[in-house]
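Scope of the values below: all heavy atoms of this structure, side chains included, with no hydrogens, waters or symmetry mates.
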Amino acid sequence: MTPRTTRGSRPSRRRFLATAAASATAVLIMSACSTGGTQTAKTSGAETRTVTDIAGKVKVPAKPQRIVSVDFYSPATLVDLGIKPIGVVEGFNDPDPDLRPKRYHEALKKTATVGTYYELNVEAVAKQDPDMIFAETRFLRKGELERLQGIAPVVQLDASGVGAWEDRTLMIAAAVGKAEEGKQQQATFRKRADELKAKYADVLANNTIAVFGYGQSMSTWGTYPTGHFYVPGWDAVGAKFRPFTPGEHKGEPGTVSQWLSLEQIGKLSNADILIHSHGAGDFVTSLAKNKVWQNLPAVKNGLVFENTPAAVVSSFEWGTENLNHLDRVLAKIDAKVTS
């Protein structure tokens, strides 16, 4: 939601978050029930395994060699598992540290691209001649799933809901025959989360938070609830999110709030602590003359903090790194609350 680039320059994390929210809404309206994976020429006669995805059972190569990821998430998990996909969606050549940790950019910056996760180029996918495809199918347009299934087996993913990203990550690991490695990485992530839960137990138990940012311009704002893809680190440590106020949310679990005018920023008065998007300092500074903002309890108490960079966690190792950043944020909050 917050631009870290010069105005009018390359796509930013703000553009990704705002576009993802709009795309998810459109998909909820347009998508029909998807089918499970189908056998294709890539699996006929080849050694296969049967794995489970969100649509059911799908046959995949026993040892996939040419994986294309048409979603935002699976490339990072594959890199963590020692696998480099041959095709990814656009953005991995962008060094913006708010999009993803540097190592994923370095690993995938020269990888062939196949469009964006919300505007896929199926012809570009076919050109890579994959033997397996990962796709978050809620973002596929009508007919694209069937076209992809005609190219190679498709492992269908989802990422909505609290902790859903962990299930997705384990599903990816199992699909490429690295289930145990995935579980080990999850155990490391959860151990780190438990450490932070214990370290900051009081501040987490006694305060509500609101993670917020601005939309396509600095004239609107919105908040991210538990289960949203922007707050998995906060979910992992058991943070308590302030409840939405009337008219703020459409009621779809895990989705961002309505984009509201600055005149409505008083709705944040029910949060003890405010967490703004990483890099949104200019937006927060612009609120300094807003009387409603000035009178928010969190603002009066000096409890406004910047979120972690690269908060859209896409794998367990990324998540563990995110928790290390979150440790520093929580340390600042704890010091202020207990001072």
Side-chain angles (χ1 to χ4, degrees), residues 1-5 7 11-29 72 96 98-99 117-118 138-139 159-162 164-165 207-235 239-288 290-299 303-313 329:
M1 271 229 210
T2 307
R4 287 182 52 83
T5 63
R7 301 297 185 261
S12 66
R13 179 184 53 79
R14 169 186 60 78
R15 178 70 58 83
F16 162 72
L17 288 170
T19 304
S23 300
T25 301
V27 169
L28 285 170
I29 297 171
F72 177 86
D96 186 347
D98 268 0
L99 285 172
Y117 67 92
Y118 53 91
R138 62 177 173 157
F139 288 116
S160 57
V162 178
W165 73 273
N207 295 277
T208 58
I209 70 167
V211 181
F212 75 101
Y214 63 91
Q216 293 288 354
S217 70
M218 290 191 185
S219 62
T220 61
W221 64 278
T223 60
Y224 305 102
T226 182
H228 191 273
F229 58 72
Y230 191 56
V231 295
W234 292 100
D235 278 334
K240 295 196 307 183
F241 287 76
R242 43 76 87 163
F244 282 121
T245 60
E248 191 178 347
H249 196 250
K250 291 182 178 179
E252 297 160 3
T255 59
V256 70
S257 72
Q258 302 272 42
W259 298 110
L260 304 172
S261 68
L262 297 184
E263 287 75 18
Q264 296 174 286
I265 207 160
K267 288 178 175 290
L268 291 175
S269 62
N270 62 350
D272 299 309
I273 298 167
L274 296 179
I275 310 295
H276 66 77
S277 301
H278 189 270
D282 289 347
F283 175 57
V284 174
T285 299
S286 73
L287 295 172
N290 184 309
K291 295 295 184 182
V292 179
W293 168 262
Q294 291 175 357
N295 286 316
L296 291 175
V299 177
L303 295 174
V304 181
F305 302 89
E306 185 176 52
N307 198 20
T308 63
V312 186
V313 170
V329 176

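Between the CD1 atom in I209 and the CZ atom in F305 there is a gap of 11.5 Å [rounded to 0.5 Å]. Taking OG1 of T226 as the reference point, atom NZ of K240 lies at 13.0 Å (rounded to 0.5 Å). Atom CD1 of residue I275 and atom OG1 of residue T223 lie 12.5 Å apart, to the nearest 0.5 angstrom. With rounding to the nearest 0.5 Å, the separation of CD in Q258 from OG1 in T220 is 11.5 Å. Separating the CD atom in E306 from the CG atom in L274 is a distance of 14.0 Å, to the nearest 0.5 Å.
Not counting sequence neighbours, the partners of T308 by the side chain to side chain contact (heavy atoms under 4.5 Å, CB included) test are A311, N322, H325, L326, V329. Remark: D272 pairs with T208 by the side-chain hydrogen bond (donor to acceptor under 3.5 Å, both in side chains) rule, at least two apart or across chains. With sequence neighbours excluded, no residue forms a ring-ring contact (aromatic ring centres under 6.0 Å, His included) with F241. Listed by chain and residue number, S217 satisfy the side-chain hydrogen bond (donor to acceptor under 3.5 Å, both in side chains) test with S219 (two or more places apart in sequence, or in another chain). Applying the side-chain hydrogen bond (donor to acceptor under 3.5 Å, both in side chains) rule to Q264 yields the partners S261; only residues at least two apart in sequence or on another chain are considered. Considering only residues two or more places apart in sequence or on other chains, N270 meets the side-chain hydrogen bond (donor to acceptor under 3.5 Å, both in side chains) condition with R242.
Below 30°, between 30° and 60°, or above 60°: for W293 and F212 the angle between ring planes is between 30° and 60°, a tilted geometry. Note on ring orientation: taking the six-membered ring where Trp is involved, the planes of Y224 and H228 are tilted (angle from 30° to 60°).
The closest side-chain heavy-atom distance from V299 to L268 is not below 4.5 Å. Two residues are said to be in side-chain contact when any heavy atoms from C-beta on lie closer than 4.5 Å; W221 and K267 meet this criterion. Side-chain atoms of S277 and N307, non-hydrogen and from C-beta on, never get closer than 4.5 Å to each other. With contacts defined as side-chain heavy-atom distances shorter than 4.5 Å, the pair V304/H276 qualifies.
Scanning all heavy atoms of the two residues, the minimum distance from A298 to A271 falls at CB-O, 3.9 Å. D96 and D98 make their closest contact through OD1-N, 2.9 Å (heavy atoms, listed as atom of the first residue, atom of the second, distance). The two atoms that bring M218 and L262 nearest to each other are O-CD1, 3.6 Å, heavy atoms only.
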